[in-house]
Amino acid sequence: QVQLVESGGGSVQAGGSLRLSCAASGSTYIPSYMGWFRQVPGKEREGVAVITCNGALAGTTFYGDSAKGRFTISRDNAKNTVDLQMNDLTPDDTGMYYCVYRIDYGLAQLDPRRYNVWGQGTQVTVSS
């Protein structure tokens, strides 16, 4: 069974940066997609960034509107990790960030309903 462990969350002031990392274990297969979702209390989970891990389109990235231009997702297949570099953070980026894993090659890469493997989450807090 695949397990995801996130790290790198914390508190930062607006304008600062954080780097999140997720390590996958428990599978010998390379997933089709890995990525990051965000949730704040009272709101639905929001797709932040996803990267294609395997196949002819490996390396293709997908970003939520709030992440475009500020966040960068990257993947190391050899280490089975995915990182999220977050720059120019704002208080609106505050939330619990979850790593996700998916083995099918369907569309809707930023739809949380398409992912059945989730990490435990890491908290990001951005103060003004």
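Between the side chain of T122 and the main chain of G9, a donor-acceptor pair closer than 3.5 Å is present. At least one donor-acceptor pair under 3.5 Å links the side chain of E6 to the backbone N or O of C99. Without hydrogens or angle criteria, D76 side chain to K79 main chain gives a donor-acceptor distance under 3.5 Å. Side-chain N or O atoms of S21 include none that pairs as donor or acceptor with a backbone N or O of S7 at under 3.5 Å.
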Exercise. Step by step, work out the side chain to side chain contact (heavy atoms under 4.5 Å, CB included) result for Q1 and S25.
Key: CA-CA 8 Å; Q1 184 174 357; S25 63; over 6 Å; no
Practice problem: Check step by step if side chain to side chain contact (heavy atoms under 4.5 Å, CB included) holds for M34 and V100. | Solution: CA-CA 5 Å; M34 286 187 69; V100 295; 6.0 Å; no
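Contact check for V48 versus L84: side-chain heavy atoms found under the 4.5 Å cut-off. Side-chain contact between V82 and I73 is present, with at least one heavy-atom pair separated by less than 4.5 Å. At a threshold of 4.5 Å between non-hydrogen side-chain atoms, the residues M86 and L20 count as touching. Side chains of W36 and C22 form a contact here, defined as non-hydrogen atoms less than 4.5 Å apart. When side chains are defined from C-beta on, V117 counts as touching L4, because their heavy atoms get closer than 4.5 Å.
Y98 and G119 make their closest contact through CD2-O, 3.5 Å (heavy atoms, listed as atom of the first residue, atom of the second, distance). Minimum heavy-atom separation, S128 to P91: CB-CG, 3.9 Å. The shortest heavy-atom contact between L107 and R102 is O-NH2, 2.8 Å. What you find for L18 and L89 is that their closest heavy atoms are N-CD1, 3.8 Å. The two residues N87 and S17 come nearest to each other via the heavy atoms OD1-OG, 2.9 Å.
With sequence neighbours left out, the salt bridge (Lys or Arg N to Asp or Glu O under 4.0 Å) criterion links D65 to K68. Shown here are the salt bridge (Lys or Arg N to Asp or Glu O under 4.0 Å) partners of R45, two or more places apart in sequence or in another chain: there are none. Residues meeting the salt bridge (Lys or Arg N to Asp or Glu O under 4.0 Å) test with K43, sequence neighbours left out: none. In this structure D93 satisfies the salt bridge (Lys or Arg N to Asp or Glu O under 4.0 Å) test together with R38, R70, sequence neighbours excluded. The disulfide bond (SG atoms under 2.5 Å apart) check on C53 picks up nothing, with sequence neighbours excluded.
Within a 6.0 Å radius of CD in Q123, other residues, nucleotides and ligands contribute more than 12 heavy atoms. Heavy atoms from other residues, nucleotides or ligands lying under 6.0 Å from OH of Y105 number more than 12. Residue-environment remark: CD1 (I103) stays at or below the threshold of 12 foreign heavy atoms within 6.0 Å.
D111 and Q109 form no side-chain donor-acceptor contact under 3.5 Å, judged by distance and modelled atom types alone. For the residue pair R75 / N80, a side-chain donor-acceptor distance below 3.5 Å is found, with atom types taken as modelled. For the residue pair N54 / S32, no side-chain donor-acceptor distance below 3.5 Å is found, with atom types taken as modelled.
Screening residues 37-96 for ring-ring contact (aromatic ring centres under 6.0 Å, His included) gives F37-Y115, F37-W118 as the qualifying pairs, with residues at least two apart or on separate chains.
For the atom pair OH of Y33 and OG1 of T61, the computed distance is 12.0 Å after rounding to the nearest 0.5 Å. In this structure, the separation between CD on E46 and OH on Y97 is 7.5 Å, given to the nearest 0.5 Å. Distance check, rounded to the nearest 0.5 Å: OG1 of T90 to CD of Q13 gives 13.5 Å.
No single ILVMFWY cluster, assembled from side-chain heavy atoms under 4.5 Å apart, contains both L110 and I51.
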